[in-house]
Every structure is written in structure tokens, then in C-alpha cells.
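Working notes for the structure below.
Chain A is the first sequence line, chain B the second, and so forth, proteins listed ahead of strands; every chain is numbered from 1.
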There are 2 protein chains.
Amino acid sequence: MGANLGAVRSHNTALVLGLLREAGAEGVSRLELAERTGLTPQAVSKITARLREAGLAAEAGRRASTGGKPRTVLRLVPEAGHAVGVHLDRDELRVVLADLDGAVVGERRTGLDLGAGAETVLGMVAGVVDGLVRDGLGLGLGGLGGFGGFGGFGEKGRAGGGTLLGVGVALPGPLDHARGVLHRVTGFPEWDGFPLREALGQRLGVPVVVDKDTNAAALGLSVGGEGGSFAYLHLGTGLGAGLVIGGRVHRGARTGAGEFGHQVIQLDGPLCECGNRGCVEVLCLTAVGRGEPGEAARVLGVGAANLAGLLDIDVVLLGGRTIARAPEVFAAGVREVLEARSRREGVLGGTVPVRVAAGGERVVAEGAAQLLLGPLFGRGDA
Amino acid sequence: MGANLGAVRSHNTALVLGLLREAGAEGVSRLELAERTGLTPQAVSKITARLREAGLAAEAGRRASTGGKPRTVLRLVPEAGHAVGVHLDRDELRVVLADLDGAVVGERRTGLDLGAGAETVLGMVAGVVDGLVRDGLGLGLGGLGGFGGFGGFGEKGRAGGGTLLGVGVALPGPLDHARGVLHRVTGFPEWDGFPLREALGQRLGVPVVVDKDTNAAALGLSVGGEGGSFAYLHLGTGLGAGLVIGGRVHRGARTGAGEFGHQVIQLDGPLCECGNRGCVEVLCLTAVGRGEPGEAARVLGVGAANLAGLLDIDVVLLGGRTIARAPEVFAAGVREVLEARSRREGVLGGTVPVRVAAGGERVVAEGAAQLLLGPLFGRGDA
DNA sequence: CCTACTTTCGCAACGCTGTTGCCAAAGTGC
DNA sequence: GCACTTTGGCAACAGCGTTGCGAAAGTAGG
């Protein structure tokens, strides 16, 4: 909890690295970095010098002069590091290899039966990950080792395509993010209490981070440019939410946050499989089943409006397979409820916007990779 | 956003000060502080030496020996600083004077008509605050001046009963916490857009912080010992919530968070004065009006369960005049809903506990004082 | 082309942070 | 009374961002 000089260093380094990533290929000058961090130009120079020495940043041309020496533009070196993102769904496995920028440089996709048993699935995941890394980075796992702070980016760790930071795994159902232990994957009781993080970490020899699929997606969207606070509502075979509050994923003490599907919005309504009555999920999915996406959107909108009012978020993002089948219908329907409510209540700052999340079906896997990449840029749990 | 050495210093100082406050009259030893902050004992010695020199901390006896030199116990000096908390309600004005510990050392209470106009009310508040400070600290306002960081605790600032840090004002209705501007006090349109922070600050000559009543109460309860994350549900003439997430009050970007009363839990339910249908507030208050507190508690419980599931909070606290009339009925009713839901869903870590908030009717005013005291202990907005 | 000026950015010295090594102080136990 | 344990202050230290200053690299005007 207490801060020492090392903490200052890594905090400021992460901050600068984050701004470099945001700038993308266009780059940023040292003075702009100084302005945006509140640090002195000299401090930025020292920090960027360390980053350049580590191979994480590089000079990339210069700006036009404004009457004096032109500013030197710095940019992130995306190939300096990679992370693997695994989306483990009920019937599908998707694995992506992402560089520091978050850009996908390799992808594998295959069918999967989550019920085939932990060892079988684990072996499958390990095999696909190993193959992808071997192809993408030109080397296998095992010899790479982990990544311990910034010292880890020394000469030794780099080889071929750069350091592999680790593997992020996103999957549905309650789990313990901090310990990486699954709790209860709905419909697959054989996974109860499975220590996924440790098991996969030992198998692959690199750091592994586990999170709920909705949280991973929210993290990915947050790093991808959705600043501030937002809710990602995922409507697929179930309904869940990932919450980003003040730029950080909100998981709650037990990684239980985001139980959006079982918010009750209809007292004594129809019975949900969770045992309650009138949950958003059962109302929404039965409407979809009846072929009434408009009604489903309205129900989803009521839940979204509740959430937006309670947390004062900046934007609502929609995703998931069911949304993908009629994105505009859902977006419009949810938007209408939010607009109507803000009109009546005279909410400050206007209506909360509603959008369909960018990234499509790959959003969860990309977010899973960000579980490893994010901490580099100050988006981690620390 | 960037951190420099001054930031490290004030962060660690606030951390130590916070642990000293938590320890209360019992005190803490330097080594315990070192363990709990993660700092070295020597760093703690330096920090506490500064605090003792500033008059904020003092030695207070020693522990029993465990085989060597006994530990010296340090404690906070509560009289080293005070803050005023103002609870501005629709029909009542309550002002408390609190010391660094948050203990109330003086209180005034009087009837009030919020509709009497801004200038009249402002004059009344200023008069009561000035009288309370004069009696409590043995000096008037004006010569005291503000408090700028830790340098402000120099010899000059202290006089009589110690430094006055400022005045915190809590009141209902939407407002802008950052700017201290009211937006819309329900039922009193003459306050729309009133710059309360600036107006009262100029009048009193000390820093003023403005916040919603529910947020102030939540802050007070958080500092008072409710650690972690919780929701404070306030049921009085209206229904609102104050949210504490990870030890910090969550206000949202526009201070709009906590709109709990108008969460819709009954699609197409009875019309609420806000224009929506089936809000928790209208369902709950009409049940109270019908003389059915049990039904009101059930409705409140459904809303609380939605909130608890969405945010994964540690505890639900109840407060407000309506709760105070039948505290056990409400607590039991809300608890029952939460227990039933967690039983059905098999929520990890058991049921979220429900309690009636400590502090009674003074909880908002005490929390308002914490708007000034909190930042000293790392509970501020920074 | 040369001079004057502006702007960027690195080197060196600095102040301040927490850390480390060492030792005096203040107890207990035999 | 001696040996030992534990606490906590003094002094030297390493590392952080900051400040002062000057070299580098452009533009603008004669």
C-alpha cells in the first residue's frame, strides 16, 4: 500500500507507455508527453530513454517546426512484446496472438466441448496456444519464461519476435480472478473449483491470468479507446455485463460484479432458471425466442437505464451473438428507453449514448490478451 | 497524473495518518505501521517524526515488552484540526463540529425553509457555522484561513483549538460535486444552478466542499469503519443511495451516481412522479403509505439485491427517517430477499449482510465533515 | 550566406524520497 | 550482573524527478 521510489518509477513508466500506445503509429513528442503527464520534459526524456534502451519505444521522424527545433516523435514498438488471448466458450475455442498495440497478429479457432473434461480441454488449449506462438513468434514456449517488472525486458528475454508476456483466458461463469480458480461454469459441474490459472501456467511455463468473458471484453474495449466509465452488455446464450468505472474494470471483491442478467425488473414476473422471477435475462431471451427483438431491446433498455442511473456511466456498449443478429434493432431499442428516461428526469449532460461494441466476435479474445498487456500501460489491478 | 516525490510523500503521510486514526485511542507502534504500509520501519520513523513536529501525532505510552525494548505507541492528536459538517435538508439545518477523529465536539440544530431563498438560507448557515466554531474553538472565522497541503499545519495556522480545515455541506438533489454547483433541488427551483461552494466559501473565508446527502453519509460510514465496498440506502422523503467501491465514494463523472430510487423493478408498474413506471421509490413509499412496511422492505430488498449482484458489494446499510421508524422490519425484510436470492444462485462467500447504519440522524452531517477530513487520510478525491 | 531568434532536448548538479548499515537505548531471562 | 532480544534513531546511500544551463536544429530577416 505504501509508495516508494520504485513504485513512482513504474507508475510513470506505465503512464508514458500508455500514452505512446494511445498515440499509435502517429506517435507523440516528448513535450506532449510532459504536458499530458504533468511531469517535466526532462523527466519524460529520462523515462523515454529507458524505454528506448529496452526496445519498447523508438524515434519515428519529426514534426514540422513551429519556429525552432522540430519535435522528435516517439512511438511504441509493437513487436517488442506479445500476449496470447484465449476465449474459452461453451462450444468454441478462439485464441489470438496480440502485439503490444493490441493488434492481432495471429489467430486460431476450433470447435470445443467444454464438457469433455478438464484435462482434455486443457491439453487442447495448450496445444493451440503453443502452435500459435511457434508460428507467430518463431519459437516455442518453455524457454521464454515470464516477465517480472521492467527488468524483464532485458537482452535475454527478447528473441525472434519479442517477449511473450503470458496468456489471458476468458470464460463464462463465476470464478476467482485473483486466484485464477473457476467456481461454477453453468452446465459443466466438472469444472467446479478447478485451478485453471495454476494448471495452465504449469503446462505452458508462462504467466496465466483468468477472468470472466464479459470483464475481458470490457477491458479490451477500455484499452481500445472507450475511455472513462461504461458498461458492456453481452447478450448471447446468457446475459452478463462488464463494468469499467473510471478506466478500471470493476470486478468486486469476489469477481462477482456484473451479474446483470439476473437483475429483477418485473416483480413476480416469469420464473428464470436461476430461481428468481422477472430477471432481465429471462424476459429478454424469451422475447427473442418469440421473435420479438423490439420487446427484447426494450427490456434490455430498462436494465441498462437502471445501471446507467445507478453508476452514472458515459456510454452503454452492446455485444454478443444475439445482438449481432440484429444490432441496429437492439441499439435503437435500448437507446429509446434511455432517451425517454433522461427526457423525463432531465438528466444532466444529456442522454447516455448506446453503441454496438466494435470488434465483433473477437472482442472477448482480444480482451483476454489485454489481461496481460493492460498492466504494462497502467490498466492492471495494481 | 504523473507521480513525483511530493506525491509519494503526501500519499504515504496520508496512509500513516489514516492508520493512526483507525487505531484510535489505543494507538499503533511504528513497527505495526511499517508492516501495514509495506514501508520500512525507518521510513515510518521519518514520517511520524514529521507528523509529531506538526502536532498531528504524539507518543502515548508503550506496549509490554516481548523480550526486548518495548514498542512506543503513537496516536493521533484529534484536537490538531477540526472540520464543520452541514446537513442542509428540506426542513432542517444540522451543523456539527468534528475533530480529526471525526468525533462530534459541537452541534447546532434548527428548523429551516429551503424555499426561503438562497441569500436568506446562506446567511442562516453562515451564522450557525460561525457561532459553532466560535464556541467550539474559541475563535471566529476569517482569520483562520484555509489549509494548503501539509505545510498548512505550521505554527501560524494553529490557534486555540486547532486548525479549521473547512466546511462540508451535504444536501439532497442533483449537484456538481467538483464545482460545488447545485443543479436541481427537487421542489425548490430557485436553487437551480446556484454556486453554493463559491458563495459560502467567500462568505466564510474557509474551503467549502459540497456533496449529495447520500454520498456524505456513505463517506462518513466508510471512514467510520465500514471498509471495502458497500451501498448506503437512504429512505426518507425520497429514496437514494450512496455507493462506496473499494473504499472510495463512487460519484460518477457528473456526480449523478446513486440514483437508486428510480431503478425500475416493475415493468409497466405504477406511475412515479419522475415520469417512469415501477420505480423502487414509488413502490416502496406507497407501500409505506398503505401501512405495509413488510411489503416496502421486500421491494427495497429486490432493489438492493439487484445492486448487490451488479456490484458485488460487501454489505448493505440502511438509513433515513422512514427506516428509523421500523428499523428491524426493514432490515429483516431486505435481508430475507438477499438471502433467498443467494440461496438460489449459490453466490460465493454467502449472503451479503444487511444492517441499519450506525450514527442515526446525524450520519449525514458527520459525513459532511468527513468531506474535509477524509482527504487528510487518503479518502479524498485525489 | 550570415546573424538573430526560437524551440527542443540532453548533461550535470541538486533536493528530496525511502533504504540500508550501524549503534545506542531499553527491556527480559538466566 | 551478564547475555540476549527488540526497538528506533543517526548517517550514508541509491534513485527518483527537478532545475540550470548549453548544444543542436530548425525559422526569419537582412
Ordered by number, residues from residues 31-47 of chain A within less than 4.0 Å of DNA chain C (heavy atoms) are A/Leu31, A/Gln42, A/Ser45

Whole-Å distance separating the [atom1] atom of [X] from the [atom2] atom of [N]:
X: A/Asn4; N: C/dG18; atom1: CG; atom2: P; value: 9 Å
X: B/Asn12; N: C/dT19; atom1: CG; atom2: C1'; value: 13 Å
X: B/Leu15; N: C/dG18; atom1: CG; atom2: C1'; value: 14 Å

Would you give the length of the straight line joining atom [atom1] of [X] to atom [atom2] of [Y], rounded to the nearest 0.5 angstrom?
X: B/Ser45; Y: B/Leu33; atom1: OG; atom2: CG; result: 9.5 Å
X: A/Thr255; Y: A/Asp211; atom1: OG1; atom2: CG; result: 7.0 Å
X: B/Arg379; Y: B/Leu373; atom1: CZ; atom2: CG; result: 12.0 Å

Residue set satisfying side-chain hydrogen bond (donor to acceptor under 3.5 Å, both in side chains) with A/Arg21, at least two apart, ordered chain then number -> none

Sequence neighbours excluded, the answer for side-chain hydrogen bond (donor to acceptor under 3.5 Å, both in side chains) partners of A/Glu366 is A/Arg362

Salt bridge A/Glu59-A/Arg30, side-chain N to carboxylate O under 4.0 Å
yes

Got a list of side-chain donor-acceptor pairs under 3.5 Å for residues 61-69 of chain B, not counting sequence neighbours?
residue: B/Arg63; atom: NH1; partner: B/Glu32; partner atom: OE2; Å: 2.7
residue: B/Arg63; atom: NH2; partner: B/Gly27; partner atom: O; Å: 3.4
residue: B/Ser65; atom: OG; partner: B/Gly67; partner atom: N; Å: 3.0
residue: B/Ser65; atom: OG; partner: B/Gly68; partner atom: N; Å: 3.1
residue: B/Ser65; atom: OG; partner: B/Gly68; partner atom: O; Å: 2.5

Check salt bridge (charged side-chain N to carboxylate O under 4.0 Å, His left out) between [X] and all other residues, then give those that pass, not counting sequence neighbours.
X: B/Arg179; value: B/Asp176
X: A/Asp314; value: B/Arg254
X: B/Glu22; value: B/Arg36
X: A/Asp99; value: none

query = Would a distance-only check, ignoring hydrogens and angles, find a side-chain to backbone donor-acceptor pair under 3.5 Å from A/Thr163 to A/Gly81?
reply = no

Of B/Arg52 and A/Gly6, the one whose nearest nucleotide on DNA chain D sits closer to the 5' end is B/Arg52

So, with a heavy-atom separation below 4.0 Å from DNA chain D, the residues of residues 18-26 of chain A are none

Applying side chain to side chain contact (heavy atoms under 4.5 Å, CB included) to B/Leu5 and not counting sequence neighbours gives none

Chain B reaches DNA chain D, atoms under 4.0 Å from its heavy atoms, from D/dT5 to D/dT18

Note to self: Taking any heavy-atom pair under 4.0 Å as a contact, classify B/Ser29: base, sugar-phosphate, or nothing.
What the structure shows: nothing

Give me the distances for all protein-to-nucleotides 27-30 of chain C N/O pairs that come in under 3.5 Å?
residue: C/dG27; atom: OP1; partner: B/Arg62; partner atom: NH1; Å: 3.0
residue: C/dG27; atom: N2; partner: B/Gly67; partner atom: O; Å: 2.9

